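Single-structure report; data block below.
Note that the structure is predicted; figures quoted are calculated from it, not measured. Indexing begins at 1, ligand by ligand and atom by atom, following the structure's order. Values below: every heavy atom of this structure, side chains too, minus hydrogens, waters and symmetry copies.
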Amino acid sequence: MSDIQTTILPTDEPPLLHHAVEEAVRLLRSGEVVALPTETVYGLAANALDAAAVAKIFEAKERPTFDPLIVHLPHKNQLDTVAEVPAEIAQVVKQLSERFWPGPLTILLPKKPIVPDLVTAGLPNVAVRVSSNPVFRRIIAALDKPLAAPSANRFGSISPTSAAAVQAELDGRIPLIVDGGASLHGLESTIIRIEAGSPKPLITIVRPGPLTPEDLKPYGKVQLAPRTLLDEASDAPGQLAKHYAPRTPLRLLTRPSDFQPEEGKTYALLSLSGEERDGYAGLHDWEEVMMLSPGSGKLPEAAVRFFHCLRRLDELGVDEIIAEPMFEHGMGIAMMDKLRRASINKPKPVHGHHPQQRR
Ligand code: TXA
Ligand code: MG
């Protein structure tokens with residue numbers, strides 16, 4: 001699988017963008033896979049209605065076929081081409097898609113037969129979203145087909161938020177990476193399931209992401225699926241307890257005193273702000289301290305840098321990566337979910353005060 005020449009095409013000048021769009025569309029039309037920027041993370045895209053093309057996604061990622069793919073639409077008004085919207089939730093689906101599409105929201109809905117079973121791993125639902133990334137939008141508009149696109153990493157690994165990170169994951173396995181710069185959000189889309197309810201619809205967050213429970217609250221009663229508490233029998237089969245993991249063992253602390261270094265071992269710190277007063281930066285003579293939001297500890301900035309920082313820490317070759325806990329609010333919910341999955345110690349959520357709690 002490693003004799004494909006992988007080209008990276010930039011898009012930061014109009015003629016370059018034009019060329020990249022043309023190449024991507026040409027390859028996608030011919031049933032190939034192409035890595036594309038989205039506003040969340042980079043995706044590995046193929047024509048969602050072409051099962052043979054979709055099969056190449058699974059092959060390049062070494063992804064097990066029980067793990068279904070998100071379908072991206074050219075436009076929100078095309079939802080009914082791939083999904084059957086049940087009448088009892090039609091209104092809330094309309095409100096949510098009007099408000100958040102294009103954007104980092106993925107909705108699970110009953111699939112139409114036109115969607116190959118490989119895309120949904122044989123499940124009755126299809127996961128649908130519309131990306132707001134301008135390069136992605138141009139490509140999918142020119143192609144005028146839904147695109148199946150999981151994150152462009154090898155299975156179980158860290159999602160890529162830059163073209164270089166895609167290359168590190170998939171070089172030699174795919175023909176083209178379209179470079180759209182750093183991902184805007186840096187975390188994968190929020191995935192929801194919707195049920196009718198009275199007086200309000202019930203919105204279940206199956207995967208936490210850039211859109212927070214607060215963002216969704218005006219549209220229904222919002223709950224986090226139990227799987228966000230590391231339940232393996234999950235709603236999103238790809239959300240295994242061990243996921244998003246760096247190769248280096250990662251330990252997620254609950255409080256500073258949890259850190260018990262062993263003689264002769266090397267440690268690097270994943271810190272929110274890097275400030276000593278948070279109680280973590282000064283705990284040890286760290287090989288490296290990666291700060292998610294240097295000096296300020298802001299969660300949206302932290303999210304943008306999250307996978308990038310994990311990737312850099314993984315490259316150091318230390319014995320363990322030590323991660324500070326984050327306040328589980330807003331984007332902190334998604335980051336803590338990912339840290340718990342990646343961690344070797346799987347700490348339970350604590351609902352209390354973290355010293356670096358600032359927003
Ligand atoms: O932001 C995103 O969502 C990115 C960009 C590229 O769009 N995509 C992404 O895809 O994160 P992926 O495949 O890495 O994660 C999709 C998750 C997986 O955990 C998968 O199991 C779940 O969504 N999923 C997809 N289709 C599903 C379905 N029909 N039913 C239940 N879960 C589904
Ligand atoms: Mg993924």
Side-chain angles (χ1 to χ4, degrees), residues 33-46 48 54 57-58 60-73 82-84 100-112 115-133 135-137 139-140 146-161 165-166 169-170 177-178 180 183-194 204-211 225 227-228 232-245 303 306-307 334 337-338 341-342:
V33 294
V34 178
L36 300 177
T38 87
E39 77 280 32
T40 55
V41 300
Y42 275 69
L44 183 61
V54 170
I57 296 178
F58 286 94
K61 282 185 58 111
E62 293 176 43
R63 180 169 171 133
T65 51
F66 61 72
D67 191 2
L69 309 179
I70 294 178
V71 172
H72 300 67
L73 297 173
V82 295
E84 205 74 67
F100 296 113
W101 283 352
L105 179 68
T106 298
I107 308 180
L108 293 169
L109 290 166
K111 86 174 196 69
K112 284 210 165 146
V115 179
D117 285 330
L118 185 58
V119 171
T120 59
L123 294 170
N125 285 336
V126 58
V128 192
R129 84 177 191 98
V130 181
S131 171
S132 67
N133 179 281
V135 176
F136 188 97
R137 291 182 74 180
I139 291 167
I140 198 169
L147 285 173
S151 51
N153 50 276
R154 274 174 282 161
F155 181 68
S157 168
I158 304 166
S159 294
T161 53
V166 178
E169 291 284 328
L170 299 175
I177 301 169
V178 176
S183 306
L184 179 67
H185 295 297
L187 294 178
E188 303 93 338
S189 62
T190 303
I191 306 181
I192 61 168
R193 175 156 56 74
I194 308 170
T204 306
I205 298 180
V206 175
R207 177 176 71 181
L211 290 181
R227 66 129 209 87
T228 60
E232 288 223 28
S234 80
D235 280 324
Q239 292 286 92
L240 304 176
K242 174 137 176 76
H243 214 96
Y244 308 104
F306 183 73
F307 286 128
D337 181 53
K338 289 171 205 305
R341 283 171 204 287

N/O separation below 3.5 Å, N125 to ligand 1: yes
Taking the side chain as C-beta and beyond, is there a heavy-atom pair between F307 and N153 under 4.5 Å? no
Under 3.5 Å, N or O to N or O, is R207 touching ligand 1 that way? yes
Does any donor atom in the side chain of T40 or R129 lie under 3.5 Å from an acceptor atom in the other side chain? yes
With a 4.5 Å limit on heavy-atom distance, are the side chains of S151 and K61 in contact? yes
Suppose I only count heavy atoms of A127 and a 4.0 Å limit; which atoms of ligand 1 are within that range? 25 (C), 26 (N), 27 (C), 29 (N)
For ligand 1, the portion of L69 having any non-hydrogen atom under 4.0 Å away: backbone
Check ligand 1 against I191 and write out every atom of the ligand that is under 4.0 Å from a heavy-atom position of the residue. 17 (C), 23 (O)
Under 4.0 Å from a heavy atom of T40: which atoms of ligand 1 are those, numbered in the order shown and with their elements? 1 (O), 2 (C), 4 (C), 5 (C)
With a 4.5 Å heavy-atom cut-off, do L69 and R63 have their side chains touching? yes
With a 4.5 Å limit on heavy-atom distance, are the side chains of V135 and L36 in contact? no
Could you tell me whether any N, O or S atom belonging to N153 is less than 2.8 Å from the Mg ion (ligand 2)? no
For E169 and S157, test the side chains for any donor-to-acceptor distance below 3.5 angstrom and give the result as yes or no. yes
Ligand 1 to S189, heavy atom cutoff 4.0 Å, flagged ligand atoms 1 (O), 2 (C), 3 (O)
With respect to T38, determine whether any N or O atom, backbone or side chain, lies less than 3.5 Å from an N or O atom of ligand 1. no
Strictly under 4.0 Å, does any heavy atom of K111 approach an atom of ligand 1? no
Heavy-atom distances under 4.0 Å are what count here, so tell me which part of A149 touches ligand 1: side chain, backbone, both or neither. backbone
Would you indicate whether the side-chain heavy atoms of P104 and T190 approach each other to under 4.5 Å? no
Could you list the atoms of ligand 1 found under 4.0 angstrom from a heavy atom of D67? 18 (C), 20 (C), 21 (O)
Which residue in the set I191, V128, T204 passes side chain to side chain contact (heavy atoms under 4.5 Å, CB included) when paired with L108? I191
Do L170 and R154 come within less than 4.5 Å of each other through their side chains, counting heavy atoms only? yes
Check for me whether H185 has a heavy atom closer than 4.0 Å to any atom of ligand 1. no
Any N or O on Y42 sitting closer than 3.5 Å to an N or O of ligand 1? no
Under a 4.0 angstrom heavy-atom cut-off, which atoms of ligand 1 come close to I70? 3 (O), 8 (N), 9 (C), 10 (O), 16 (C)
Within the 4.0 Å heavy-atom shell around L123, which atoms of ligand 1 are there? 30 (N)
Residues at least two apart in sequence or cross-chain that pass ring pair (Phe, Tyr, Trp, His ring centres under 6.0 Å) with F306, listed by chain then number, are none
If you count the atoms of ligand 1 from 1 in the order shown, which ones are under 4.0 Å from a heavy atom of H72? 5 (C), 7 (O)
Can you tell which of S131, P102, S189 makes a side chain to side chain contact (heavy atoms under 4.5 Å, CB included) with E39? S131
